[in-house]
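A quick write-up on the structure given underneath.
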Amino acid sequence: MPELLPGEDPEPSDRLPAGPLFVPVRPGPGGCVARLFRTPLGERTTVGFTSRRALAETLGPDQKWIRLAEPALRALTAPLGVTTLTVDPQLCAPAPARTGARSPAGAPAKSVAPPLQEAAALVSALALLIAGEGITR
C-alpha cells in the first residue's frame, strides 16, 4: 500500500459545494462587506449558502447577498483572521418578521410584535454586537 504524503487525502473530510455560494453582505464604507458570524463556541466564521432560498429562510428575505466561490470567500476573510467557513448553517435565530413602518422615536408603536418576534430581534441584535458590527468606541 503506498504511503500518503502530507496534504494528500483520498477522501477529504471537509467537503464543500462546487460552484459559487450565496454570501450575506451588509453595507460598508466602500460598498458591500461580507457579514461575519460566530459559531456556537464563539469562533468567528464566514457563512455561505448553496441556494437563495436557504439564505432567505435563515436570514430573512431582505438579506442582501453576493455570489462568491469558496476559494474567493476564504481569501476575502483570511486577512481578518477568519479561517472557518460555515455552509448552509442550520442553527440560526429566525429573522424578525416585518411589523410595518417604523414609528419615530418616542411615538407609540402602531403594532405590537408577538414575544417570539421580539426575542428573534433581540438575538439578531446581540449577534451583530458579538460579531463586532455596530459597536462604536
Side-chain angles (χ1 to χ4, degrees):
M1 181 168 155
E3 187 175 319
L4 292 177
L5 298 173
E8 289 187 70
D9 188 357
E11 293 186 30
S13 59
D14 188 25
R15 296 186 186 270
L16 291 172
L21 296 169
F22 293 86
V23 179
V25 295
R26 63 179 177 83
C32 292
V33 179
R35 286 185 60 189
L36 298 178
F37 296 84
R38 298 244 180 216
T39 66
L41 298 177
E43 181 181 358
R44 291 173 68 193
T45 183
T46 187
V47 172
F49 293 87
T50 55
S51 70
R52 289 169 63 182
R53 181 178 178 198
L55 182 137
E57 286 175 354
T58 305
L59 299 175
D62 295 331
Q63 174 62 57
K64 304 288 185 226
W65 53 269
I66 59 172
R67 297 283 310 256
L68 284 176
E70 177 262 334
L73 182 55
R74 287 187 185 275
L76 180 72
T77 57
L80 303 172
V82 180
T83 58
T84 303
L85 169 62
T86 304
V87 177
D88 289 329
Q90 299 297 311
L91 300 174
C92 288
R98 299 188 111 192
T99 58
R102 293 184 180 184
S103 59
K110 294 183 180 182
S111 64
V112 177
L116 181 60
Q117 290 175 348
E118 291 174 2
L122 179 59
V123 168
S124 296
L126 288 173
L128 289 174
L129 287 174
I130 291 170
E133 303 172 11
I135 297 177
T136 56
R137 296 179 189 216

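- Just one residue in the list Leu68, Leu55, Val47 forms a side-chain contact (heavy atoms from CB on, under 4.5 Å) with Val23, and that residue is Leu68.
- Contact check for Leu21 versus Leu85: side-chain heavy atoms found under the 4.5 Å cut-off.
- Note that CZ of Arg35 and NZ of Lys64 are 12.5 Å apart. Values are rounded to the nearest 0.5 Å.
- Taking the side chain to side chain contact (heavy atoms under 4.5 Å, CB included) definition, one finds that Val33 meets it with Arg26, sequence neighbours left out.
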Discussion item. Quick one, Leu59 with Phe22, criterion side chain to side chain contact (heavy atoms under 4.5 Å, CB included). Give me CA distance, side-chain angles, the key distance, then yes/no.
Written reply: CA-CA 12 Å; Leu59 299 175; Phe22 293 86; over 6 Å; no

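- Scanning for side chain to side chain donor-acceptor pair (under 3.5 Å) contacts around Thr45 gives Thr86, with sequence neighbours left out.
- Every residue meeting the salt bridge (Lys or Arg N to Asp or Glu O under 4.0 Å) condition with Arg53, not counting sequence neighbours, appears here in chain and number order: Glu57.
- Inter-residue side-chain proximity for Phe37 and Pro89 is flagged as unmet; no heavy-atom pair is nearer than 4.5 Å.
- In this structure, OG1 on Thr83 lies 7.5 Å from CZ on Arg74, to the nearest 0.5 angstrom.
- Not counting sequence neighbours, the partners of Ala54 by the side chain to side chain contact (heavy atoms under 4.5 Å, CB included) test are Phe49, Ser51, Asp88.
- With sequence neighbours excluded, no residue forms a side chain to side chain donor-acceptor pair (under 3.5 Å) with Thr39.
- Arg38 CZ to Arg44 CZ: the interatomic distance, rounded to the nearest 0.5 Å, is 6.0 Å.
- For Thr77, the side chain to side chain donor-acceptor pair (under 3.5 Å) criterion is met by no residue, not counting sequence neighbours.
- In terms of heavy-atom proximity, Pro24 sits nearest to Gln63 at CB-NE2, 3.7 Å.
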